[in-house]
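This report refers to the structure that appears directly beneath it.
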Amino acid sequence: MNKKELEKIKEKALQEHIPIIMDDTLEVIEERLKQNPPKRILEIGTAVGYSAICFTDFLAPDGLIDTIEREKDRVEEAKENLKKTEVEEKVNIYEGDAIDILPKLNEKYDAVFIDAAKGKYPFFLKESLRMIKPNGVIFADNILYKGYVMSDYNKHKQRTAVRNLREYIKEVSENPNLETEILEVGDGLAISRVKK
Ligand code: SAH
Ligand code: MG
C-alpha cells in the first residue's frame, strides 16, 4: 500500500471534517485482527475510503473488504483513493443506503466495522449477526458518542441516535453468543466476539 498517499488522504479528510477513524481506535482494531488475519471484512460507512484502506493492511493474503456508502461524491472520491493507494483490488464499494444493501448481501465475514448512521446501529447489528462467521468480531465505532450515551443526557437533538446506540449496547451485552467490551478509545468502540 502507498503510505504517502494514505497520509495525504488522511490530511484532506481531517481538513474537510470527514469523521475518519481515530488513530487509537485503529490501533485497537489492528491489535485484535492481527492475531487471526481476516479473509473478509464488511464495513458500513466508507466515506472517502480512509479506514478501508487502512484495513487492507490487516487482511489475510487474498483477503477482501466490502464497504457501503450512500453519498455518491464520497464513493467517487473513495474509488480514486483506492487507486492512489494501490489497493483497488482489495476493496469493493457498494454505493447505496446500507438499509437497502445489507439485506441483499449473502457473504460470510470474519469482521464487521459499523461506522454509519448512529440511529441505524440496531439494524446494522442484526444484519451483521446474520453474516458474521463463528469466532468473528463486530466492531461498532462512535458507540459512546461524545459521552452522551453513558450520561443521563436525553434532551438533545441527537436523542434518536443516543437511544439507538444504547439499544445496540444492550443487545450486544445481553446476547449470550457474544462476548462484548466497550472501550473508551476515540469516540467509543464496541467489540463483540462471536462465540460460535
Ligand atoms: N469509515 C470511515 C468514516 C465513515 S463516516 C473512515 O473511518 O474513514 C460515515 C459515513 O457513513 C458517511 O460517509 C455517511 O455518508 C455514511 N452513511 C451514513 N449512513 C449510511 C447509510 N445508512 N448507508 C450508507 N452509508 C451511510
Ligand atoms: Mg466513526
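Ligands are counted one by one from 1 in listed order, and the atoms in each one are counted from 1 as well. It should be emphasised that the depicted structure is a prediction, and the values quoted were computed from it without experimental measurement.
- Of all protein heavy atoms, the one closest to atom 22 (N) of ligand 1 is Asp97 OD1, 2.9 Å.
- Arg130 places a side-chain N or O within donor-acceptor distance of the main-chain N or O of Leu102, the cut-off being under 3.5 Å.
- Aromatic ring pairs are classed by plane angle as parallel below 30°, tilted from 30° to 60° and perpendicular above 60°; the pair Tyr145 and Tyr148 is perpendicular.
- Set against the non-hydrogen atoms of Ile20, the atoms of ligand 1 under 4.0 Å away are 6 (C), 7 (O), 8 (O).
- No N or O atom of Gly49 sits closer than 3.5 Å to an N or O atom of ligand 1.
- The ligand atoms of ligand 1 that sit less than 4.0 angstrom from a heavy atom of Ala116 are 11 (O), 17 (N), 18 (C), 19 (N), 20 (C), 26 (C).
- For the pair Asn142/Asp115, a side-chain contact is recorded, criterion being any heavy-atom separation below 4.5 Å from C-beta on.
- Listed by number with element, the atoms of ligand 1 under 4.0 angstrom from any heavy atom of Ala117 are 18 (C), 19 (N).
- For the pair Arg40 and Asp66, the salt-bridge criterion is met [side-chain N within less than 4.0 Å of a carboxylate O].
- Using a 4.0 Å cutoff on heavy atoms, Gly96 counts as a contact of ligand 1.
- The heavy atom nearest to atom 9 (C) of ligand 1, considering only Asp115, Leu102, Val48, Thr67, is found in Asp115.
- The shortest N or O to N or O distance between Ile99 and ligand 1 is not under 3.5 Å.
- Val91 and Ile114 end up in different hydrophobic clusters when Ile, Leu, Val, Met, Phe, Trp and Tyr side chains are linked at under 4.5 Å.
- Judged purely by atom type and a 3.5 angstrom limit, Arg70 has no side-chain atom pairing as donor or acceptor with the backbone of Glu95.
- Asn175 is not listed as a side-chain neighbour of Thr180, based on a closest heavy-atom distance of 4.5 Å or more.
- Side-chain contact between Asn36 and Asp110: absent, with no pair of heavy atoms (C-beta onward) separated by less than 4.5 Å.
- If you number the atoms of ligand 1 from 1 as listed, the ones under 4.0 Å from a heavy atom of Arg74 come out as 12 (C), 13 (O).
- Under the 4.5 Å side-chain heavy-atom criterion for grouping Ile, Leu, Val, Met, Phe, Trp and Tyr, Phe58 is connected to Val185 within one hydrophobic cluster.
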Go through Lys90 and Ile65 one step at a time and tell me if the side-chain contact (heavy atoms from CB on, under 4.5 Å) criterion holds. CA-CA 6 Å; Lys90 295 182 178 179; Ile65 299 173; 5.8 Å; no
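- In this structure Glu80 satisfies the side chain to side chain contact (heavy atoms under 4.5 Å, CB included) test with no other residue, sequence neighbours excluded.
- Here's the thing with Pro19: none of its N/O atoms is less than 3.5 angstrom from an N/O atom of ligand 1.
- If you look at the Mg ion (ligand 2), the protein N, O or S atoms less than 2.8 Å from it are Asp115 OD1, Asp141 OD2, Asn142 OD1.
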